[in-house]
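Right, one structure below, let's go through it.
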There are 2 protein chains.
Amino acid sequence: MAANILLVEDEPGIQELLKLNLGQAGHQVTAAEDAEGALRYLKTTLPDVILLDWMLPGMSGIDLCRRLRADKRYQPVPIIMLTARGEEQDRVTGLDTGADDYITKPFSPRELVARIRAVLRRRAPQMTEEPVEMAGLRLDPTSHRVSANGKPIDLGPTEFRLLHFFMTHPERVYSRSQLLDQVWGDDVFVEERTVDVHIRRLRLALEASAHDGMVQTVRGAGYRFSVQR
Amino acid sequence: MAANILLVEDEPGIQELLKLNLGQAGHQVTAAEDAEGALRYLKTTLPDVILLDWMLPGMSGIDLCRRLRADKRYQPVPIIMLTARGEEQDRVTGLDTGADDYITKPFSPRELVARIRAVLRRRAPQMTEEPVEMAGLRLDPTSHRVSANGKPIDLGPTEFRLLHFFMTHPERVYSRSQLLDQVWGDDVFVEERTVDVHIRRLRLALEASAHDGMVQTVRGAGYRFSVQR
DNA sequence: CGCCAAAGTGACAGCTTTGTTACAAGCCGA
DNA sequence: TCGGCTTGTAACAAAGCTGTCACTTTGGCG
């Protein structure tokens with residue numbers, strides 16, 4: 001889960017510290033001292049995450065955040081705001097302007113790393129709210145409906161999420177533990193074998209409408225959702 | 001996902017309980033009663049995970065944790081702290097000193113096992129494998145598929161790994177023991193002749209799609225994967 | 001040609017992984 | 001609170017993989 005990170009922080013000490021810590025966590029860090037520097041960098045490179053200090057000389061972090069969010073090009077880049085203690089009320093403003101997370105100084109490097117991982121994960125699987133359709137199978141996240149060639153299919157919540165994940169990540173094997181992370185959430189502690197059972201339930205539901213064979217077992221590796229074969 | 005675990009816990013009852021539970025989960029557990037014992041063990045062996053009790057006689061768990069984190073050699077080993085209820089505020093300290101996770105007693109064995117799995121997974125390098133293709137033979141690690149000129153080939157896990165290794169290291173002879181190291185893992189104890197058998201199985205699978213002759217025997221040396229006949 | 005070591009082959013028992021079913025606990029709306 | 005779903009787990013069955021062995025074939029060499 002290594003990532004390119006743009007750090008916008010004017011205080012040299014903190015900047016160094018963060019670069020060190022994030023570097024150790026396997027991330028690539030580029031630092032900018034102010035909003036202008038950040039924008040200059042962004043013209044050429046799109047980082048995976050932006051760490052944005054609230055207090056900056058010149059254009060403030062919040063303004064930069066707002067500006068980035070207004071720009072289509074930077075829409076998908078997660079932004080984490082760094083705020084000092086006592087600026088708590090800023091949190092609302094911060095999240096309001098489009099930051100994905102915020103963290104209050106002083107914070108432990110661990111926590112920051114964890115939050116970075118969290119926003120990356122949140123963004124990573126592009127499980128959009130868009131309807132997905134393939135091979136006559138249609139899943140609409142908004143209305144929470146699944147249908148095969150027009151005929152509705154009944155799915156429980158878990159099977160629904162499972163199918164949604166599969167349809168947005170087809171043709172690729174996922175291990176049970178990956179599926180637990182992605183579909184159940186990585187803070188849920190259930191047996192890996194539970195996945196098997198839900199796979200079966202999903203298969204049963206799909207079979208009923210002649211969509212069998214799409215959920216495939218890859219022995220020793222996991223499961224794959226596929227239109228082929 | 002079996003792992004070598006170093007358990008640092010002074011209370012015999014809990015120690016026994018954990019050894020039992022983790023053992024059942026397929027892990028290898030070594031226990032130390034105090035920081036000194038742990039350090040002694042670490043001099044010779046590097047575990048996959050360290051479970052560290054907060055309260056220890058002599059050097060406290062937190063000090064040991066800090067000390068380990070300061071030592072380059074132990075940097076990559078995940079540490080999970082075991083804390084008693086009511087030491088909640090220690091959490092921050094714990095994570096601050098470099099623990100990867102913490103768990104509050106009393107906890108269910110299941111939860112502990114899950115957290116161990118989580119830290120292991122988090123550390124595991126996310127190797128994004130590129131598809132390999134040569135002479136009409138295509139192997140895609142992500143979808144875990146092999147095909148010859150479009151036609152799918154069925155391979156068991158071992159044959160898949162074997163072919164993957166061969167395709168990423170073509171035109172070169174590997175001895176049986178090298179192949180065991182690379183494909184089976186260097187901690188596996190199997191007869192060298194086992195390689196022969198899997199070579200044969202791989203050949204059979206490839207023959208079926210007219211890709212015979214690619215796995216070549218080099219008498220007295222080993223095997224080679226080659227496009228040339 | 002005859003011998004010996006190396007490699008090929010087929011069978012198989014044991015083991016691991018996965019499928020399937022049943023069941024109890026939890027949740028939620030009626 | 002009562003039923004009907006959903007969920008997680010356990011237990012057992014089925015299927016597939018693996019490692020090893022015994023036996024055969026091949027290749028090299030005197």
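Chain letters run A, B, ... following the sequence lines, proteins first, then strands; residues in each count from 1.
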Exercise for review: Provide, to the nearest angstrom, the distance between the CD atom belonging to B:Gln216 and the C1' atom belonging to C:dA7.
Suggested key: 15 Å
**Study point:** B:Tyr174: ring-ring contact (aromatic ring centres under 6.0 Å, His included) partners, not counting sequence neighbours
**Key:** B:Phe165
Please list each protein N or O that sits under 3.5 Å from an N or O in nucleotides 27-30 of chain C, with the distance.
none

Check your understanding: Hey, does the side chain of A:Arg200 come within less than 4.0 Å of C:dG19's phosphate (OP1/OP2), counting only N and O?
Key -> no
Exercise for review: Rounded off to whole Å, could you give me the CG-to-C1' distance for the B:Leu202 and D:dG19 pair?
Suggested key: 17 Å
Practice item. Quick one, give me the B/S/- string for nucleotides 7-15 of chain D, reading 5' to 3', where B means a protein heavy atom under 4.0 Å from the base and S means that only happens at the primed atoms, P, OP1 or OP2. Key: BBBS----B
Check your understanding: D:dC5 P sits how many Å from A:Leu155 CG, rounded?
Key -> 15 Å
Review point. Which word best sums up how the rings of A:Phe225 and A:Phe166 line up, parallel for under 30°, tilted for 30 to 60°, or perpendicular for over 60°?
Key: parallel
Practice item. Could you label the plane-to-plane angle of the A:Phe160 and A:His144 rings as parallel, tilted or perpendicular, counting under 30° as parallel and over 60° as perpendicular? Key: parallel
**Study point:** Distance below 4.0 Å between A:Tyr223 side-chain N/O and C:dT17 OP1 or OP2
**Key:** no
Point to revise | Along DNA chain C (nearest heavy atom to each residue), the more 5'-positioned of A:Arg176 and B:Asp196 | key: B:Asp196
Check your understanding: In chain order, what residues pass the side-chain hydrogen bond (donor to acceptor under 3.5 Å, both in side chains) check against B:Glu133, with sequence neighbours excluded?
Key -> B:Arg138
Review point. Does atom CZ of A:Arg145 have more than 12 heavy-atom neighbours, drawn from other residues, nucleotides or ligands, at distances under 6.0 Å?
Key: no
**Study point:** Salt-bridge contact B:Asp140-A:Arg172 (side-chain N to carboxylate O under 4.0 Å)
**Key:** no
**Study point:** For B:Tyr41, ring-ring contact (aromatic ring centres under 6.0 Å, His included) partners two or more places apart
**Key:** none
Check your understanding: Counting only heavy atoms not in A:Arg176, do more than 12 fall under 6.0 Å of its CZ?
Key -> yes
Review point. Hey, does the side chain of A:Asn4 reach the backbone of A:Asp48 with a donor-acceptor pair shorter than 3.5 angstrom?
Key: no
Study note, to complete from the structure: As a check of understanding: the bend across the helix from C:dC1-D:dG30 to C:dA30-D:dT1, end axes from five pairs, rounded to 10 degrees, works out to 30°
Check your understanding: Would you find a donor on one side and an acceptor on the other, under 3.5 Å apart, between the side chain of B:Gln216 and the backbone of B:Val173?
Key -> no
Point to revise | Length of the line joining B:Ile199:CD1 and C:dA6:C1', which is rounded to integer Å | key: 14 Å
Review point. Under 3.5 Å, is there a donor-acceptor pair between the side chain of A:Glu171 and the main chain of A:Val227?
Key: yes
